[in-house]
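One-based numbering, in listed order, for ligands and for the atoms of each. As the structure is a computational prediction, the values presented were derived from the model and not from experiment.
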Amino acid sequence: MGSLRLVLGDQLNQTISSLEGCDPEKDVILMCEVLEEATYVKHHKKKIAFLFSAMRHFEEELRAKGHHVQYVKLDDEANTGTIAGEVARAIGEHDIDCIIVTHPGEYRLANEVGKWPSRFNLPVEIRDDNRFLVTPEDFAEWAKDRRSLRMETFYRNIRRKYNLLMADNEPVGGQWNFDADNRKPPKKGMDIPAPFRVPIDNITREVLELVGQRFSDHFGDLDPFPFAVNRQQALNALKNFIDHRLNQFGDFQDAMVEGEPWMFHAHLSFYLNCGLLLPLECVQAAEKAYHGNIVPLNSVEGFIRQIAGWREFVRGIYWLKMPAYAQENYLRAGRNLPSFYWSGETNMNCLRQSVLETHRNSYAHHIQRLMVLGNFSLLAGIDPRQVQDWFLSVYADAYEWVELPNVQGMALFADGGYMASKPYAASGSYINKMSNYCQECRYSVHEKIGTDACPFNYLYWDFMARNRARLSTSPRMSMMYRSYDRMDDRKKIDIENDSRSFLDQLESEAY
Ligand code: FAD
Ligand code: DLZ
Ligand code: SF4
């Protein structure tokens, strides 16, 4: 008799809690590629291929260590198509006295695993997910009695707890946050390093063929396929970032350049979120580079804040607020997601570029996600459920625990300000300042109203006017409302009319 150790597709680390104490003589490790996980939203082809390839490489690593792994491929004849179905099959085939699993990252699956003791009539041990710096319980304790949550306070606690960029109990450089230095617009002729690429091996080649056949109707390109698919390659990707891009990461964190999807970002979220990398090793590698005088403090602090701060913070909010969080819709937004989020067919160049890059790479960087794709959904009043499903399916790093708070709390203000103190709403001038998209756009970013005006310009003010009752109570919004109130009535009517006609034809080809 032994235990069944279930390892999910986003738990690919030898140190994962479900493998602690695993006895190669008695215990069976189950890993399964199943249709249900690949289709509960129609994931980008590249995301499925990445995960299946990483899972198959991880299986090899476990076998090399002598473990007994039952690995079910998608096209195995007996594959039931669900994780529970595969657990049932494994129990039928082996002498199993208990199931051990690390807490699934998504509420949907965690809820299902909770039903397994009665379903399988076996004890089910659900272990903490040890791939994070903060447990949901510790986050809940911190959040207790706070009406709204702010990342900055949370982040300082983590810096202290893990002694990150600290000297004598004070932040290195005398400041906790160097964000003000990290908003530089792009420069002409910037030298942006080529992104890290890994050559395709036989396992990946086989998976690419499988995904191309079985998921041909899913969004996205399979080619090119640059991702790391095992632990060593992911460590190489981390080193490549530290050596070549971290230096300028801070300065150009918010910048967007046409034809440069990767910029100076880390491109590590895929690996962090499926277990190939761990957060502490990433932030410690960055800190080491700072102490070695290789990279500036604003870059290192910014990177550490994203991983030790934002990433842990959004996960805490997810587990604190689910399942109700997914249903929140503070601004009562109900419009359908425009078809150009899938096709890229729009004259708005910033959106076209961001969607087409997403289609090609299964990646867009944070400011494209927040200030272009998210901002447009916010201003146009798109139904949050449809926006959630889009973000969850198109990005190779997307799992609900991280996607949902970013969409609901950060991009759409659908939680009414629990996570962000004001909506991340912006007109075209922000996009123009932080990118070169407007230079090649059919619309003029300098026109505020009329058929040639940048739609973000009138939609911004229309959004403010439409949502006044729900937003004007925030002191951080009062300046915006004072500006709106100073506009003459003719201008306000033009804004409303242009917005109405734009939004009415959003589903047609005419925008
Ligand atoms: P970098 O910009 O180089 O940042 C370094 C790391 O910091 C990332 O790898 C990531 O692990 C972490 N990080 C940075 N910002 C955030 C954040 N807001 N929340 C959580 N972690 C963060 N990130 C995901 O991992 N999965 C998602 O599904 C996802 N959906 C998003 C949806 C929206 C609407 C928005 C606004 C943001 C979303 N993000 C998501 C956060 C962020 O955009 C990505 O983590 C980042 O773009 C990943 O690219 P990178 O590795 O190059 O990140
Ligand atoms: C995302 C994903 C996909 C596409 N496929 C699988 C799979 O076939 N088998 C598996 O174990 N996990 C997969 N995953 C990751 C799961 O969806 C993820 O573990 C849950 O969403 C919990 O975070
Ligand atoms: Fe986007 Fe407006 Fe600039 Fe066009 S003009 S790229 S729509 S911000």
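Close placement of the Trp401 and Phe132 rings is indicated, their centers lying within 6.0 Å of each other. Checked against the 6.0 Å centroid threshold, Trp342 and Phe219 count as a close aromatic pair. Checked against a 6.0 Å centroid threshold, the rings of His366 and Trp310 do not count as neighbours. The six-membered or imidazole ring of Phe227 lies near that of Phe270, with a centre-to-centre distance under 6.0 Å.
For the pair Arg315 and Phe139, the cation does not sit on the ring face, since its NZ or CZ is not both under 6.0 Å from the ring centre and inside 45° of the axis. Taking the ring centre of Phe58 as origin, the terminal cationic atom of Arg231 falls outside the region bounded by 6.0 Å and 45° from the ring axis. Cation-pi geometry between Lys47 and Tyr399 is satisfied (NZ or CZ under 6.0 Å from the ring centre, within 45° of the ring normal). In this structure, Arg108 satisfies the cation-pi test against Tyr40, with its NZ or CZ atom closer than 6.0 Å to the six-membered ring centre and inside 45 degrees of the ring normal. A cation-pi arrangement, defined by a distance under 6.0 Å to the six-membered ring centre and an angle within 45 degrees of its axis, is present between Lys321 and Tyr418.
When only non-hydrogen protein atoms are considered, atom 33 (C) of ligand 1 lies nearest to Asn406 CB, 3.6 Å. What sits closest to atom 2 (Fe) of ligand 3 on the protein, heavy atoms only, is Cys454 SG, 2.3 Å. Closest protein heavy atom to atom 48 (C) of ligand 1: Ser269 OG, 3.2 Å. Closest to atom 28 (O) of ligand 1, if we only count protein heavy atoms, is Ala398 CA, 3.1 Å. The nearest protein atom to atom 3 (O) of ligand 1, hydrogens excluded, is given as Ala266 N, 2.7 Å; this is a heavy-atom distance. When only non-hydrogen protein atoms are considered, atom 24 (C) of ligand 1 lies nearest to Val402 CG2, 3.4 Å. Scanning all protein heavy atoms for the shortest distance to atom 19 (O) of ligand 2 gives Asp10 OD1, 2.7 Å. The nearest heavy-atom contact from the protein to atom 6 (S) of ligand 3 is Cys350 N, 3.4 Å. Of all protein heavy atoms, the one lying nearest to atom 49 (O) of ligand 1 is Tyr363 CE1, 3.2 Å. Nearest to atom 50 (P) of ligand 1 among the protein's heavy atoms is His267 N, 3.5 Å. At the shortest separation from atom 10 (C) of ligand 2 among protein heavy atoms lies Gly9 N, 3.4 Å. The closest protein non-hydrogen atom to atom 4 (Fe) of ligand 3 is Cys441 SG, 2.3 Å. In this structure, the protein non-hydrogen atom closest to atom 27 (C) of ligand 1 is Asp397 OD1, 3.3 Å.
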- Carefully, step by step, assess Gln408 and Asp415 under the rule side chain to side chain donor-acceptor pair (under 3.5 Å). CA-CA 6 Å; Gln408 289 286 86; Asp415 65 0; over 6 Å; no

- When you look at Asp251 and Asn298, which way does the side chain to side chain donor-acceptor pair (under 3.5 Å) test go after all the steps? CA-CA 8 Å; Asp251 281 0; Asn298 67 311; 3.0 Å; yes

- Task: Determine, step by step, whether Gln439 and Asn349 satisfy the side chain to side chain donor-acceptor pair (under 3.5 Å) criterion, reporting the C-alpha distance in whole Å, the side-chain angles of both residues, the deciding distance to 0.1 Å, and the verdict.
- Result: CA-CA 9 Å; Gln439 291 164 21; Asn349 193 38; over 6 Å; no

- Message: Go through it in stages, so that I can follow the logic: the residues are Asn347 and Arg352, the test is side chain to side chain donor-acceptor pair (under 3.5 Å), and I'd like the CA-CA distance, side-chain angles, deciding distance and then a yes or no.
- Response: CA-CA 7 Å; Asn347 289 322; Arg352 184 170 64 237; 4.6 Å; no

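A salt bridge links Asp129 with Arg131; the closest basic N to acidic carboxylate O contact falls under 4.0 Å.
Each of the following atoms of ligand 3 lies closer than 4.0 Å to a heavy atom of Tyr443: 5 (S). Ligand-side atoms of ligand 2 in range of Cys32: 7 (C), 8 (O), 9 (N), 10 (C), 11 (O), range being under 4.0 angstrom from any heavy atom. Atoms of ligand 2 lying under 4.0 Å from any heavy atom of Glu33, numbered from 1 in the order shown and given with element: 8 (O). Within the listing of ligand 2, atoms 4 (C) sit less than 4.0 angstrom from a heavy atom of Ala38. Each of the atoms 1 (C), 2 (C), 3 (C), 14 (N), 15 (C) of ligand 2 lies under 4.0 Å from some heavy atom of Leu51. Taking every heavy atom of Gly105 and a limit of under 4.0 angstrom, the matching atoms of ligand 2 come to 22 (C), 23 (O). Against a heavy-atom cut-off of under 4.0 Å, Arg108 is close to the following atoms of ligand 2: 17 (O), 20 (C), 21 (O). Of all atoms in ligand 3, listed by their number and element, those nearer than 4.0 Å to a heavy atom of Met348 are 7 (S).
At under 3.5 Å, a nitrogen or oxygen of Gln306, whether backbone or side chain, sits near a nitrogen or oxygen of ligand 1. An N or O contact shorter than 3.5 Å is missing between Phe52 and ligand 2 by distance. Ligand 2 has a nitrogen or oxygen under 3.5 angstrom from a nitrogen or oxygen of Val34. Considering both main-chain and side-chain atoms, His365 never comes within under 3.5 Å of ligand 1 through any nitrogen or oxygen pair. In terms of N/O distances under 3.5 Å, ligand 1 is not approached by Val314. Where the criterion is an N or O separation shorter than 3.5 Å, residue side chain and backbone included, His43 fails it with respect to ligand 2.
Residue contacts with ligand 2 for Leu8 involve both N, CA, C or O and side-chain atoms from C-beta outward (heavy atoms, distance under 4.0 Å). Contacts with ligand 2 closer than 4.0 Å are made by no heavy atom of Trp401, backbone or side chain. The part of Met55 lying near ligand 2 is the side chain, judged by heavy-atom distances below 4.0 Å. Looking at Glu400 against ligand 2, nothing comes within 4.0 Å, counting heavy atoms.
In this structure the side chain of Ser377 never reaches within 4.5 angstrom of the side chain of Arg335, judged on heavy atoms. Contact of the Glu86 side chain with the Ile83 side chain is not registered, since no non-hydrogen atoms from C-beta on lie closer than 4.5 Å.
Within the set Glu106, Gln11, Glu37, the minimum heavy-atom distance to atom 13 (C) of ligand 2 is found for Glu37. In this comparison of Arg369, His366, Gln253, the heavy atom closest to atom 40 (C) of ligand 1 sits on Arg369.
For atom 1 (Fe) of ligand 3, the set of nearby N, O or S atoms under 2.8 Å includes none belonging to Cys438.
Each of Trp390, Phe456, Phe463, Tyr424 was checked for a ring-ring contact (aromatic ring centres under 6.0 Å, His included) with Phe376, and the lone residue meeting it is Phe456. The only member of Phe196, Phe303, Trp262 that meets ring-ring contact (aromatic ring centres under 6.0 Å, His included) when paired with Phe241 is Phe303. Remark: of the listed residues Arg214, Lys73, Arg56, Arg56 is the sole one forming a salt bridge (charged side-chain N to carboxylate O under 4.0 Å, His left out) with Glu33.
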